[in-house]
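Residue numbers start at 1 and run along the sequence shown. All of these numbers come straight from a predicted model, not from anything done at the bench.
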Amino acid sequence: MSAAILLLSLTGLGLVAPPAHADGPGSGTPYVVTVGDSYISGEAGRWAGSSNDSEAPADALGAHAYHDNASHTAEQIPRCHRSLSAEAYIGGGVGGLNLACSGAKTTTGTGDYFKPGIDFYDDGAGNLGQAKMLQQFAAAHNVKQVVVSIGGNDFNFASIVTQCVQDFLLSPSWDPDYCKDDSSVVANFTSANITTVRARIATAFQNIRTAMRNAGYGDTAWSLVVQTYPSPIPSASGFRYSQSGFTRQSTGGCGFWNADADWANATALVTINNTVRAAIGQSGLANARLLELQSAFNGRRLCEKTVGLYEEVGLSSWTQPAAVDRTEWINQIRTVTTIGSNYFIQESLHPNYWAQLALRNCVRQTYTQNRGGTCTIAGTGLVNGEPRMTLS
C-alpha cells in the first residue's frame with residue numbers, strides 16, 4: 001500500500017486529522033464587522049443614562065470603555081471611541097470586529113485626530129481607511145456580514161447640533177433665534193449638497209463591496225446591512241423640561257428650542273435617512289439590506305417625558321433592574337463645563353450603553369434571520385443583559 005493510500009485510509013478512520021484550512025472567505029469562525037461613524041463605533045457607550053449629581057450611577061464600563069487594543073488599555077486610534085458595548089459583538093459563536101470611528105466621514109480625514117473614512121487610504125505609516133482595514137481582515141477571516149452607519153458627518157452633524165444649542169443658550173424665549181433657518185445649517189440641506197452627499201455614501205458602499213471582492217468574496221457570500229440614524233431627542237410635545245429659562249440645557253443637556261426639535265425630527269433626520277436609503281440604490285449593491293432605526297429609541301430619548309435622570313426617577317445605579325426602562329438611552333449634550341470630568345464633548349447626543357446593547361440585539365436579529373427590517377423597543381426589562389427589541 002502506498003503512503004498516499006495509507007494516509008487516506010487512516011484519515012477516513014479518523015486516526016489522522018485532515019489538513020487544516022486557514023481562516024478566510026467561507027472558512028473559519030463567522031464574523032460581523034462594523035464600519036462607519038460614531039453611531040456604530042460605540043461613542044457614549046460608557047454611560048448608562050445620566051445624572052447631574054454624580055458620574056457613578058451611570059458609569060457602566062469605566063475608564064477602559066473605549067480601549068480596543070488587545071489588552072484593553074488604550075485605543076488603537078485615539079478618539080475613535082470603539083466601546084466594549086458596541087453592536088459588533090453579537091456573540092453566539094459569531095466573532096465581532098469594530099472598525100468604525102467616531103467623527104468619520106465617507107472619506108478619510110487627517111486633522112487633529114486621524115479619522116478613517118470608508119476608503120482605501122494608506123499613508124504607508126500604518127494609518128488605513130476603513131475599506132482597506134476591512135479588506136485586510138476579510139482576507140484572513142470569514143466575514144459574513146458588514147454593518148455600516150455613515151453619512152451623518154458628511155451633513156456636518158456635530159456643527160448643526162452645536163449651532164442649535166448656541167442659539168438656544170444665546171437668545172431669550174420671547175425672541176428665540178432658531179438654528180433651522182441659520183445659513184450655516186440650511187447650507188447642509190440644499191438639493192445640491194444632498195446630491196453630493198448621496199454620491200459619497202454610495203461610493204462608500206461600493207468601496208465596501210470592492211474591499212470584499214479584493215479579499216476573495218463573491219457578492220452573494222456576504223451581506224451589507226445599512227443602518228439609518230435614530231431620533232435622539234423628542235419633538236416639542238415630548239420634552240419634560242420647558243423651553244423657557246435654561247433648564248432644558250443646564251439640567252437636561254438637551255438645549256433645543258421646540259421649533260428646532262420639531263425641525264430636527266421632521267426635516268433634518270428625515271433628509272439624512274432618505275439620503276442614506278437613496279444611496280443604497282445608487283450604489284447598485286444587490287446584497288444590501290436596510291436596518292431602519294429612526295424610531296428605535298422612541299420613549300427613551302434624551303429629555304423625553306417617559307424617562308429621567310437617576311435623581312429624577314429615584315434610582316441610584318445603572319445596575320438596578322428598572323434603570324434600563326426609566327433612564328435615557330441618549331447621552332446629554334455636553335459643553336465646555338465637561339472639562340475636568342470623565343465626559344467627552346464628542347459623546348453628546350449619541351446612543352449610550354443601553355442603546356448600544358439594544359442595537360446589538362437588532363444586529364443579531366438581522367444576522368440570525370438573514371434580513372433587514374425596522375427595529376423598535378419590544379418591552380421592558382433585559383433579556384440576557386440586553387433591552388428587548390424586535391425586528392419587523
*Asks:* For Asn258, give me all partners under side chain to side chain contact (heavy atoms under 4.5 Å, CB included), at least two apart in sequence or on another chain.
*Replies:*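 Scan of Asn258 (side chain to side chain contact (heavy atoms under 4.5 Å, CB included), adjacent residues dropped) gives Ala236, Phe239, Gln243, Arg248.
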*Asks:* Please test Ile201 against Phe205 for side chain to side chain contact (heavy atoms under 4.5 Å, CB included), starting from the C-alpha separation and ending with a verdict.
*Replies:* CA-CA 6 Å; Ile201 298 172; Phe205 297 160; 3.4 Å; yes
*Asks:* For a quick check under 3.5 Å, do Tyr113 and Gln346 share a side-chain donor-acceptor pair by atom type?
*Replies:*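 No pair is found: no donor N or O on one side chain lies under 3.5 Å from an acceptor on the other.
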*Asks:* Please check if Trp222 and Val94 belong to a single hydrophobic cluster, counting links between Ile, Leu, Val, Met, Phe, Trp and Tyr side chain heavy atoms closer than 4.5 Å.
*Replies:*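 Yes; Val94 is reachable from Trp222 via cluster members.
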*Asks:* Verify side chain to side chain contact (heavy atoms under 4.5 Å, CB included) between Asn265 and Arg301, making sure each step is shown before the conclusion.
*Replies:* CA-CA 12 Å; Asn265 278 296; Arg301 290 172 290 184; 4.0 Å; yes
*Asks:* Where does the angle between the aromatic ring planes of Phe114 and Tyr121 fall among parallel (under 30°), tilted (30 to 60°) and perpendicular (over 60°)?
*Replies:*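 Ring orientation, 0 to 90° scale: tilted.
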*Asks:* With Glu43, which of Ser38, Ser102, Ser83 fulfils side chain to side chain donor-acceptor pair (under 3.5 Å)?
*Replies:*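 By the side chain to side chain donor-acceptor pair (under 3.5 Å) criterion, Glu43 pairs with just one of Ser38, Ser102, Ser83: Ser102.
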*Asks:* Hey, could you give me the NZ/CG distance between Lys132 and Leu134, rounded to the nearest 0.5 Å?
*Replies:*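 Interatomic distance, Lys132 NZ to Leu134 CG, rounded to 0.5 Å: 12.0 Å.
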*Asks:* If only side-chain N and O atoms count, and only distance matters, is there a donor-acceptor pair under 3.5 Å linking Asp119 with Thr107?
*Replies:*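 No pair is found: no donor N or O on one side chain lies under 3.5 Å from an acceptor on the other.
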*Asks:* Using a cut-off of 6.0 Å, state whether more than 12 heavy atoms not belonging to Asn384 lie near its atom CG.
*Replies:*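 No.
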*Asks:* I'd like to know if the side chain of Asn69 pairs up with that of Thr73 as donor and acceptor (distance under 3.5 Å, no hydrogens or angles considered).
*Replies:*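 A pair is found: one side chain offers a donor N or O, the other an acceptor, under 3.5 Å apart.
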*Asks:* Taking the ring centre of each residue, are Tyr229 and Phe155 less than 6.0 Å apart?
*Replies:*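 Not close enough - the centres of the two rings lie 6.0 Å or further apart.
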*Asks:* When Glu386 is tested against each of Val324, Leu357, Leu359 for side-chain contact (heavy atoms from CB on, under 4.5 Å), which residue passes?
*Replies:*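 That would be Leu357.
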*Asks:* About how many Å separate CG of Asp68 and CD1 of Ile77, when rounded to the nearest 0.5 Å?
*Replies:*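 The CD1 atom of Ile77 sits 8.0 Å away from the CG atom of Asp68.
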*Asks:* What's the verdict on side chain to side chain contact (heavy atoms under 4.5 Å, CB included) for Trp47 and Gln332, showing C-alpha distance, side-chain angles and the deciding distance?
*Replies:* CA-CA 10 Å; Trp47 310 104; Gln332 290 180 318; over 6 Å; no
*Asks:* Parallel, tilted or perpendicular, judged at 30° and 60°: which one describes the rings of Phe157 and His350?
*Replies:*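 Perpendicular.
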*Asks:* Applying ring pair (Phe, Tyr, Trp, His ring centres under 6.0 Å) between Phe168 and each of Tyr178, Phe256, Tyr241, Trp257, report the one that passes.
*Replies:*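 For Phe168, the ring pair (Phe, Tyr, Trp, His ring centres under 6.0 Å) test succeeds with only one of Tyr178, Phe256, Tyr241, Trp257, which is Trp257.
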*Asks:* Between Lys105 and Asp37, does any NZ, NE, NH1 or NH2 come within less than 4.0 Å of an OD or OE carboxylate oxygen?
*Replies:*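 Judged by the 4.0 Å cut-off on N to carboxylate O distance, Asp37 and Lys105 do not form a salt bridge.
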*Asks:* So if you build clusters from Ile, Leu, Val, Met, Phe, Trp, Tyr with side-chain heavy-atom gaps below 4.5 Å, do Leu349 and Leu169 land together?
*Replies:*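 Yes, Leu349 connects to Leu169 through the hydrophobic network.
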*Asks:* Does one hydrophobic cluster hold both Ile40 and Leu285, with members joined at side-chain heavy-atom distances below 4.5 Å?
*Replies:*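 Ile40 and Leu285: one cluster.
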*Asks:* Applying side chain to side chain contact (heavy atoms under 4.5 Å, CB included), run through Val270 and Gln294 and close with a yes or a no.
*Replies:* CA-CA 8 Å; Val270 169; Gln294 189 159 314; 3.7 Å; yes
*Asks:* For the hydrophobic clusters of this structure (ILVMFWY residues joined by side-chain heavy atoms under 4.5 Å, transitively), does one cluster hold both Leu269 and Val185?
*Replies:*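 Shared cluster, yes.
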*Asks:* Let's go through Ser283 and Gln206 carefully: what are the C-alpha distance in whole Å and the side-chain angles of both, what is the deciding distance for side-chain hydrogen bond (donor to acceptor under 3.5 Å, both in side chains) to 0.1 Å, and is it a yes or a no?
*Replies:* CA-CA 6 Å; Ser283 72; Gln206 291 167 341; 5.6 Å; no
*Asks:* Look up atom CZ in Phe120 and atom OG1 in Thr108, then write down how far apart they are to the nearest 0.5 Å.
*Replies:*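 So the gap between those two atoms works out to 11.0 Å.
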*Asks:* When the aromatic ring centroids of Trp354 and Phe297 are compared, is their separation below 6.0 Å?
*Replies:*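 Centroid separation for Trp354 and Phe297: 6.0 Å or greater.
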*Asks:* Going from OG1 on Thr267 to CD1 on Ile272, what distance comes out if it is rounded to the nearest 0.5 angstrom?
*Replies:*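 Atom-to-atom, Thr267:OG1 and Ile272:CD1 are 11.0 Å apart.
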*Asks:* In Å, rounded to the nearest 0.5 Å, how long is the span from OG1 of Thr335 to CD of Gln249?
*Replies:*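 Spacing of OG1 (Thr335) from CD (Gln249) equals 6.0 Å.
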*Asks:* Check the orientation of His64 and His67. Use parallel for under 30°, tilted for 30 to 60°, and perpendicular for over 60°.
*Replies:*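 Perpendicular, since the angle between the ring planes exceeds 60°.
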*Asks:* Will you find, in the side chains of Arg388 and Asn361, an N or O donor that is under 3.5 Å from an N or O acceptor?
*Replies:*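 The answer is no; no qualifying pair exists.
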*Asks:* Distance from Ile90 atom CD1 to Tyr367 atom OH, nearest 0.5 Å?
*Replies:*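 Nearest 0.5 Å value for the CD1-OH distance: 6.0 Å.
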*Asks:* Quick one: do Arg240 and Glu312 make a salt bridge, cutoff under 4.0 Å?
*Replies:*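 Yes, this pair counts.
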*Asks:* Ignoring hydrogens and angles, state whether a donor on the side chain of Gln320 or Ser316 is under 3.5 Å from an acceptor on the partner side chain.
*Replies:*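 A pair is found: one side chain offers a donor N or O, the other an acceptor, under 3.5 Å apart.
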